[in-house]
Student: 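Take a look at this one; I'll ask things after.
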Amino acid sequence: MASLAQELSAAAGAAFEAVGLEARFGDVRRSDKPELADFQCNGAMAAAKLAGRNPREIAGEIAAALKVHPLVLSAEVAGPGFINLRVSDGALSTRAEAVRGDAMAGAEKAADAQVTVIDFGGANVAKPMHVGHLRSAVIGDTLQRLLRFLGDTVISDVHLGDWGLQMGHLVTELEDEQPGLVYFDAGFTGPYPAQSPVTIEDLGRLYPQASNKAKADEARNERSQKAVAEMQAGRAGYRALLRHFIDVSVEALKVDYGFLNVSFDLWKGESDVDHLIADLVERFKTAGLAEQSDGAWIVHVAKESDKKEMPPVMLVNSRGGTGYHTTDLATIEDRMATLKPAPERMLYVVDQRQALHFEQVYRAAGLLGLIEEARLEHIGFGTVNGPDGKPFKTREGGVLRLADLNAMALDEATKKIEAAGKLPEDMGEDERLAVARQVAVAALRFSDLMNTRMTNYVFDLDRFTSFEGKTGPYLLYAAVRVKSVLRKAAEAGHLPGAVSVHEEAERALVLQLDGFGGALLGSREKRMPHILCEHLYSLAQAFSAFYGALPIASEPDAGKRASRLALADAVRHQLETGLGLLGITVPERM
RNA sequence: GACUCCGUAGCUCAGCUGGAUAGAGCGCUCGCCUUCUAAGCGAGUGGUCGCAGGUUCAAAUCCUGCCGGGGUCGCCA
């Protein structure tokens, strides 16, 4: 559904064209001077420069054309050539009703919907997730929700790290602890037991144990390397162990992701594309793209136009093993071959430090013709740092596990809810826990998503579990308050009716509602969830101001009351829809 | 050294396809619960937009150089 801003832009664009100028100058935005105007158009000044004309004169012509538009109350030229627009109360009323009744809460689908794979999560087998994993999880999940909402066909894939040196560490360390297991008997012909010989706790212990030994002892490291090579070469016992490691890990990962409302369509991993690697490597060789260097097979991906040094892709290392360059390439091939419909775009929501890696992989994929390079996008993000500007560590110097962060947020939310004492006495324990979880998830997801994607940010536990100010719980609170007002009004027999906007607070609220679609499309185009966060926060603020300034359910005049209830309902609808895209659900009470 | 991200209020950050007195939150100071959830609202406090040039009628925004910080730069992923 077209917004007022879009309709005005179209009208202004047509006016520019009518005087022989480009329609793009007609871009109309919310005014940054609410006391002067509802909307503004600044295009006359840029247009005047190009046309060599007087900007005020052009602005005057555009304003004159806009004055007769049905939505427009007034159109005036100010300063060097700003066009200030006021829309009529009737136009705002109609718009509010449209938002309230629209399945997309006033937004429009993207014009260029695409089949899009989103690769995010960054989880590894046997390694518990830490706070650094929060970003990829919530940014990726929000993008998948957002893109789906706007019409893209999305396939999400966790793309587990299950094929590297860590597997060698695990296998060898387990062999040291339990050498008698059948998995280590090269002569065993199977079948292997269905029950895993290790638990997630075992894995959490074995990995750091082995990793530390390997760092200190080169021979120990070599053993792990050798085990990886054997596993990759197909040693059955090792493969069977890998299957157990993955299954046990995925079960644990689903708990942490599930808490945060993060989900994936595919739980594939690097190991799933192993069968494609030999052929892929061969094709790079026969195409003349791969060459030998220092015992390894590499692919040169540098271009003449490069300003920076571009190291080659490591296709096969000097020990005959393959790393994540190769598995990433094989994964692209696998997705193109097996997913229906075939992907038109792939987004990788991974730490910005991987930028060079992805650029290399994308170039190599383009060279071999797996997919056009430009269809692969790295959605990088900054690291989560401690107060000292370095990657976050706990006071004890260790990393903070995501599971612990989740638990801390839940604990804070529980305390806060009890202190507020607004839940009904008869609410059961399960329901209270569910509300606490909703508040905790809102706090965690919003505090991450509100940050601009690219910048590093300082992790501050107090801020992540804070419930006041620009936080997820503030938004939930606003939404819950709307629901509460609507519920009580309905109980008293008062229902929303026709909208008739008059007051300043009402106008401001509708103008804010009008910006939803633009915020969504902007978030999608830039892959920046914080744009949506900003919109929803401003909407919650506008509602809170409206709520404070005017009676809603308690308004004595029946017509005004019905109108304000309808406005409140439009806000509820858009807030719930928008928060849903952030992976945040709204309780009935809190 | 090359490339990349960043430098805006005491703190954490928006704004950067150039536009009108640079915005939030936290903090601090006031005021507001006998009417709809005060996790709230209103008012105030607080800024040489890293520095220096340049382009422009107009620069936090574009260009150049410098200073400061994070990150990456072929066999862990």
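Every heavy atom of this structure was used, including side-chain atoms; hydrogens, water molecules and symmetry mates were not. In what follows, chains are A, B, ... by sequence order, proteins preceding strands, each numbered from 1. A quick note: this is a predicted structure, and the numbers were derived from the prediction, not measured.
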Student: Which word best sums up how the rings of A/H357 and A/Y324 line up, parallel for under 30°, tilted for 30 to 60°, or perpendicular for over 60°?
Tutor: parallel

Student: Looking for any heavy atom pair under 4.0 Å, which part of the strands does A/E309 touch: base, sugar-phosphate only, or nothing?
Tutor: base

Student: Atom CG of A/L536 and atom C1' of B/A24: how far apart are they, to the nearest Å?
Tutor: 15 Å

Student: In this structure, are over 12 heavy atoms from other groups packed under 6.0 Å from A/Q292 atom CD?
Tutor: yes

Student: Is there a side-chain contact between A/Q541 and the phosphate of B/G25, meaning an N or O under 4.0 Å from OP1 or OP2?
Tutor: yes

Student: Base, sugar-phosphate or nothing for A/G161? Non-hydrogen atoms, less than 4.0 Å.
Tutor: nothing

Student: Using ring centroids (six-membered ring only for Trp), state whether A/F464 and A/F446 fall under 6.0 Å.
Tutor: no

Student: Pairing check on B/C13: which nucleotide meets the Watson-Crick or G-U wobble criteria with it, both distances under 3.5 Å?
Tutor: B/G23

Student: More than 12 heavy atoms of other residues, nucleotides or ligands under 6.0 Å from CZ of A/R29: yes or no?
Tutor: no

Student: Please check if any side-chain donor atom of A/R319 sits under 3.5 Å from a side-chain acceptor atom of A/Q225, or the reverse.
Tutor: yes

Student: Under 4.0 Å, counting only non-hydrogen atoms across every strand here, what does A/S554 touch: a base, just sugar-phosphate, or nothing?
Tutor: base

Student: Quick one: is the NZ or CZ of A/R481 closer than 6.0 Å to the six-membered ring centre of A/Y547, and within 45° of its axis?
Tutor: yes

Student: Which nucleotide, in any strand shown, forms a Watson-Crick or G-U wobble pair with B/U55, with both distances under 3.5 Å?
Tutor: none

Student: NA contact type, A/E588, heavy-atom cut-off 4.0 Å: base, sugar-phosphate, or nothing?
Tutor: base

Student: Which part of the nucleic acid, if any, lies within contact of A/A549, taking any heavy atom under 4.0 Å across all strands shown: a base, the sugar-phosphate backbone alone, or nothing?
Tutor: nothing

Student: Give a yes/no answer on whether the side chain of A/T455 brings an N or O atom under 4.0 Å of OP1 or OP2 in B/A14.
Tutor: yes

Student: OP1 or OP2 of B/G15 versus the side-chain N and O atoms of A/H530: is any pair under 4.0 Å?
Tutor: yes

Student: Give the rounded distance in Å between these two atoms: CZ of A/F464 and C1' of B/G25.
Tutor: 14 Å

Student: Once you round it to whole Å, what is the distance between P of B/A77 and CG of A/D162?
Tutor: 12 Å

Student: Looking at A/K226 and A/E230, is there a salt bridge between them, counting it only when a charged N and a carboxylate O are closer than 4.0 Å?
Tutor: yes

Student: For the pair made of CE in A/M310 and P in B/A2, what is the distance, rounded to whole Å?
Tutor: 16 Å

Student: Within the pair A/Y207 and B/C76, is there a side-chain N or O less than 4.0 Å away from OP1 or OP2?
Tutor: no

Student: If you look at every strand shown and take non-hydrogen atoms under 4.0 Å, does A/L423 touch a base, only sugar-phosphate, or nothing?
Tutor: nothing

Student: Could you identify the nucleotide paired to B/C49, looking across every strand shown and requiring Watson-Crick or G-U wobble geometry with both distances under 3.5 Å?
Tutor: none

Student: If the P atom of B/C28 is compared with that of B/U48, how far apart are they to the nearest Å?
Tutor: 23 Å

Student: Looking at every strand, decide which applies to A/I298 at a 4.0 Å heavy-atom threshold: base, sugar-phosphate, or nothing.
Tutor: base

Student: Has the side chain of A/S293 got a donor or acceptor atom sitting under 3.5 Å from an opposite partner on the base of B/G74?
Tutor: yes

Student: Any side-chain N or O of A/Y547 less than 4.0 Å from the OP1 or OP2 oxygen of B/A38?
Tutor: yes

Student: When we call it a touch if two heavy atoms are under 4.0 Å apart, what does A/R463 touch: a base, just sugar-phosphate, or nothing?
Tutor: sugar-phosphate

Student: Below the 4.0 Å mark, does B/A38 have OP1 or OP2 next to a side-chain nitrogen or oxygen of A/R481?
Tutor: yes

Student: Could you please name the partner base of B/G40, counting Watson-Crick and G-U wobble pairs only when both distances are under 3.5 Å?
Tutor: B/C32

Student: Give A/L486 one of three labels, base, sugar-phosphate or nothing, depending on what nucleic acid heavy atoms sit under 4.0 Å from its own.
Tutor: nothing

Student: Provide a list of protein-nucleic acid N or O atom pairs under 3.5 angstrom, restricted to nucleotides 20-23 of chain B.
Tutor:
| unit_1 | atom_1 | unit_2 | atom_2 | d |
| --- | --- | --- | --- | --- |
| B/A20 | N7 | A/Q40 | OE1 | 3.4 |
| B/A20 | N6 | A/Q40 | OE1 | 2.6 |
| B/A20 | N6 | A/N84 | OD1 | 2.7 |
| B/A20 | N1 | A/N84 | ND2 | 3.1 |
| B/U21 | O4 | A/E35 | OE2 | 3.0 |

Student: Does a side-chain N or O from A/S484 land closer than 4.0 Å to OP1 or OP2 of B/U37, or not?
Tutor: yes

Student: Applying a 4.0 Å non-hydrogen cut-off, can you work out what A/I552 is touching in the nucleic acid: base, sugar-phosphate, or nothing?
Tutor: base

Student: Over all strands shown, is A/M454 touching base, sugar-phosphate only, or nothing at heavy-atom distances under 4.0 angstrom?
Tutor: sugar-phosphate

Student: Less than 4.0 angstrom between a side-chain N/O of A/K488 and OP1 or OP2 of B/U37, yes or no?
Tutor: yes

Student: What does A/G548 touch in the nucleic acid at a heavy-atom separation under 4.0 angstrom: a base, only the sugar-phosphate, or nothing?
Tutor: nothing

Student: With a 3.5 Å limit on both atom pairs, tell me what B/G7 is paired to, counting Watson-Crick and G-U wobble, or say none.
Tutor: B/C67

Student: Assign A/D306 to base, sugar-phosphate, or nothing according to its heavy-atom contacts below 4.0 angstrom with the strands shown.
Tutor: nothing

Student: For the CD atom on A/E425, are there more than 12 heavy atoms of other groups (residues, nucleotides or ligands in this structure) within a distance under 6.0 Å?
Tutor: no

